[in-house]
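Position 1 is the first residue of the sequence, and the numbers go up from there. Computed from a predicted structure; not experimentally measured.
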Amino acid sequence: QVQLVESGGRLVQAGGSLRLSCAASGRTFSAANIGWFRQAPAKEREFLAAIRWSGSTTTHADSVKGRFTISRDNARNTVYLRMNSLEPDDTAVYLCAAGSRDYLSKNRTAYDYWGQGTQVTVSS
């Protein structure tokens with residue numbers, strides 16, 4: 001079993017920045033991928049970014065490229081999502097997920113473990 005706990009979400013004004021954290025515990029995931037997704041009310045879950053736990057390879061969705069950046073700290077078993085220039089449309093629950101494919105995937109079905117999410121609200 002793997003436990004993922006997100007944190008860092010809060011209310012922020014448009015144009016502001018946030019850094020979300022995803023802390024992993026439980027089974028060793030040295031070869032796993034970690035992805036960030038978000039889900040807004042009445043919308044499909046949207047892929048944002050993913051990173052290889054054991055390397056530096058990353059991928060970002062075109063919709064957030066240049067504003068959002070994924071990174072990791074292996075010593076802390078934590079993956080981060082830095083979000084800049086936030087807009088009201090970024091309001092959503094942000095979730096991290098872990099998967100064991102040998103490639104980075106933007107598909108939610110490639111991830112086996114999910115956290116509970118952290119709420120990000122961007123006011124105009």
Criterion side chain to side chain contact (heavy atoms under 4.5 Å, CB included) on Gln119 and Tyr94, from CA distance to verdict: CA-CA 6 Å; Gln119 176 70 46; Tyr94 284 69; over 6 Å; no
Checking [X] now: which residues fulfil side-chain hydrogen bond (donor to acceptor under 3.5 Å, both in side chains) with it, not counting sequence neighbours?
X: Ser123; result: none
X: Ser63; result: Glu46
X: Thr109; result: Asn107

Would a distance-only check, ignoring hydrogens and angles, find a side-chain to backbone donor-acceptor pair under 3.5 Å from [X] to [Y]?
X: Thr121; Y: Leu11; answer: no
X: Thr91; Y: Val122; answer: yes
X: Asn33; Y: Tyr103; answer: yes
X: His60; Y: Gly66; answer: no

Test side chain to side chain contact (heavy atoms under 4.5 Å, CB included) applied to Val79 and Ile70, step by step: CA-CA 7 Å; Val79 173; Ile70 192 170; 3.7 Å; yes
Sequence neighbours excluded - disulfide bond (SG atoms under 2.5 Å apart) pairs with any residue from residues 70-124: Cys22-Cys96
Would you give me the side-chain donor-acceptor pairs under 3.5 Å for residues 13-21, sequence neighbours excluded?
residue	atom	partner	partner atom	Å
Ser17	OG	Asn84	OD1	3.0

Sub-4.5 Å side-chain heavy-atom contact between Arg52 and Ile34: no
Counterpart residues, salt bridge (charged side-chain N to carboxylate O under 4.0 Å, His left out), relative to Lys106 (two or more places apart): none
Non-neighbouring partners of Arg45 that pass salt bridge (charged side-chain N to carboxylate O under 4.0 Å, His left out), sequence neighbours left out: none
Co-members of the apolar cluster containing Leu104 [side chain, <4.5 Å]: none
ILVMFWY cluster membership beyond Trp114 - transitive side-chain contacts under 4.5 angstrom: Phe37, Phe47, Val93, Leu95, Tyr111
Salt bridge (charged side-chain N to carboxylate O under 4.0 Å, His left out) contacts touching residues 81-99 (sequence neighbours left out): Arg38-Asp90, Arg67-Asp90
Shortest non-hydrogen contact from Ala49 toward Leu81: CB-CD1, 4.3 Å
Atom of Ala50, atom of Ser105 and distance for their closest heavy-atom approach: CB-O, 4.4 Å
Asp112 and Ser100: CA distance, side-chain angles, deciding distance, side chain to side chain contact (heavy atoms under 4.5 Å, CB included) verdict: CA-CA 8 Å; Asp112 306 302; Ser100 57; 3.7 Å; yes
Spacing of Leu48 atom CG and Thr69 atom OG1 [to the nearest 0.5 Å]: 12.0 Å
hydrophobic_cluster_shared for Tyr80 and Phe68, side chain cutoff 4.5 Å: no
Shared hydrophobic cluster, Val12 / Val64 (ILVMFWY, side-chain heavy atoms < 4.5 Å): yes
side-chain contact (heavy atoms from CB on, under 4.5 Å) partners for Ser25, two or more places apart: Gln3
Contacts of type side-chain contact (heavy atoms from CB on, under 4.5 Å), residue Ala23, not counting sequence neighbours: Thr78
